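Chain A is the first sequence line, chain B the second, and so forth, proteins listed ahead of strands; every chain is numbered from 1. If you're wondering where the values come from, they're calculated on a predicted model, not measured in any experiment.
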Number of protein chains: 2
Amino acid sequence: MSSYKDKKVITIGIVNELTGLSVRMIRYYEERGLIFPERSERGTRKYSFADIELLLEIANKREEGVQTYEIKQDMLNEKKNSNVRDKLRRGQFNAHFNMRK
Amino acid sequence: MSSYKDKKVITIGIVNELTGLSVRMIRYYEERGLIFPERSERGTRKYSFADIELLLEIANKREEGVQTYEIKQDMLNEKKNSNVRDKLRRGQFNAHFNMRK
DNA sequence: TTTTTATGTTAGAAAATCTGACAATAAAAT
DNA sequence: ATTTTATTGTCAGATTTTCTAACATAAAAA
């Protein structure tokens, strides 16, 4: 279940070191709804390795000129697709499409 | 190679949360040579998930009344044994014991 | 042309960490 | 029985890290 990859334990300074993204940009991508760090008791941000990988993908897309808004849409689509795949995998695909037949 | 488990990216406050050990104790176990966090540029400690697991083991042994010195010796022995296993696995066992035959 | 996006920078406050020291108790060693 | 070592806690002052909010600017989009 909760693997190391998904545990939110990394502070923003380390994320900066690991991604090369400025602290400003890391916060901005949060503001734009691309990442969702947790917060400690008194408000300091905590990221996971998964977040870091995501930030690296975001950085790549940004270098290609893709805007944060589009990146977000892409991410939402991917999530939707993976949900569909989940349903397929669970054999609910037919159940869904043949409900009334 | 460098998996998430071994990357030193976690600050001592988070280690405290994750292990329940006081910051004082975490530093003390370092002083006693049981753990080896890395340091950031200006000196703040950075731990890995592996370090955290080790700290939990240390905490267990301490609760059983084992002293840090003994814990360290145990760890050194385990390392030695795993080295022996490595050599065995590499087929160097016989080479070692039959050198002069 | 006006608005939005994407960053940088700065300022002041708050949070987190560091080292070193002193204290106290328990346990071990002599 | 006395002395020493081990294991924590706490405190103080300094340093580092992070936070929010604001202002600035160039490029891109509308």
Nucleic acid contacts - residues 8-17 of chain B versus DNA chain C, non-hydrogen atoms under 4.0 Å: B:Thr11, B:Ile12, B:Gly13

Going by heavy atoms closer than 4.0 Å, what residues in residues 38-45 of chain B are next to DNA chain C? B:Arg39, B:Gly43, B:Thr44, B:Arg45

Indicate every side-chain donor-acceptor pair of residues 18-26 of chain B with a distance under 3.5 Å to a residue at least two apart or in another chain.
from    : atom 1 : to      : atom 2 : distance (Å)
B:Thr19 : OG1    : B:Val15 : O      : 2.7
B:Thr19 : OG1    : B:Leu21 : N      : 3.1
B:Ser22 : OG     : B:Met25 : N      : 3.1

Polar atom pairs (N or O), protein with nucleotides 9-12 of chain D, under 3.5 Å:
from   : atom 1 : to      : atom 2 : distance (Å)
D:dG9  : OP2    : B:Ser22 : OG     : 2.6
D:dG9  : N7     : B:Arg24 : NE     : 3.3
D:dG9  : O6     : B:Arg24 : NH2    : 3.1
D:dT10 : O4     : B:Arg24 : NE     : 3.3

Any pair with a residue in residues 8-38 of chain B that passes ring pair (Phe, Tyr, Trp, His ring centres under 6.0 Å), sequence neighbours left out, goes on the list, sorted by first then second residue, please.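 Matches after skipping sequence neighbours: none remain.
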
Spatial distance of atom CG (A:Asn16) from atom OG1 (A:Thr11) [nearest 0.5 Å]: 10.0 Å

Which value, rounded to the nearest 0.5 Å, describes the distance between B:Ile12 atom CD1 and B:Glu17 atom CD?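 Nearest 0.5 Å value for the CD1-CD distance: 12.0 Å.
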
Begin with the C-alpha distance, continue with both residues' side-chain angles, and end with the deciding distance and a verdict on side-chain contact (heavy atoms from CB on, under 4.5 Å) for B:Met75 and B:Leu54. CA-CA 10 Å; B:Met75 284 169 43; B:Leu54 187 48; 4.2 Å; yes

Cluster link A:Tyr69 to A:Leu76, ILVMFWY, side chain under 4.5 Å: no

Taken to the nearest whole Å, CD/B:Glu31 to P/D:dT8 is 12 Å

Walk along DNA chain C from 5' to 3' and tell me the first and last nucleotide with an atom closer than 4.0 Å to a non-hydrogen atom of chain A. C:dT5 to C:dA16

Between the first and last five pairs of the helix from C:dT1-D:dA30 to C:dT30-D:dA1, the angle of the axes, rounded to 10 degrees: 30°

The criterion is side-chain hydrogen bond (donor to acceptor under 3.5 Å, both in side chains); which residues satisfy it with B:Arg32, sequence neighbours excluded?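 Applying side-chain hydrogen bond (donor to acceptor under 3.5 Å, both in side chains) to B:Arg32 gives B:Thr68.
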
Residues which pass side-chain hydrogen bond (donor to acceptor under 3.5 Å, both in side chains) with B:Arg62, listed by chain and number, not counting sequence neighbours: none

Tell me, which of residues 60-77 of chain A have any heavy atom that sits under 4.0 Å from an atom in DNA chain D? A:Gln67

Once salt bridge (charged side-chain N to carboxylate O under 4.0 Å, His left out) is applied, what residue pairs with a partner in residues 63-78 of chain A remain, sequence neighbours excluded?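 Listed once each, the pairs are A:Lys61-A:Asp74.
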
Just distance, no hydrogens or angles: give the donor-acceptor pairs under 3.5 Å from side chains in residues 44-53 of chain A, sequence neighbours left out.
from    : atom 1 : to      : atom 2 : distance (Å)
A:Thr44 : OG1    : A:Ser40 : OG     : 3.1
A:Arg45 : NH1    : A:Glu30 : OE1    : 2.9
A:Ser48 : OG     : A:Ala50 : N      : 3.3
A:Ser48 : OG     : A:Asp51 : N      : 3.0
A:Ser48 : OG     : A:Asp51 : OD2    : 3.2
A:Asp51 : OD1    : A:Lys8  : NZ     : 3.3
A:Asp51 : OD2    : A:Lys8  : NZ     : 2.9
A:Asp51 : OD2    : A:Ser48 : N      : 2.9
A:Glu53 : OE1    : A:Lys5  : NZ     : 3.3
A:Glu53 : OE2    : B:Tyr4  : OH     : 2.0

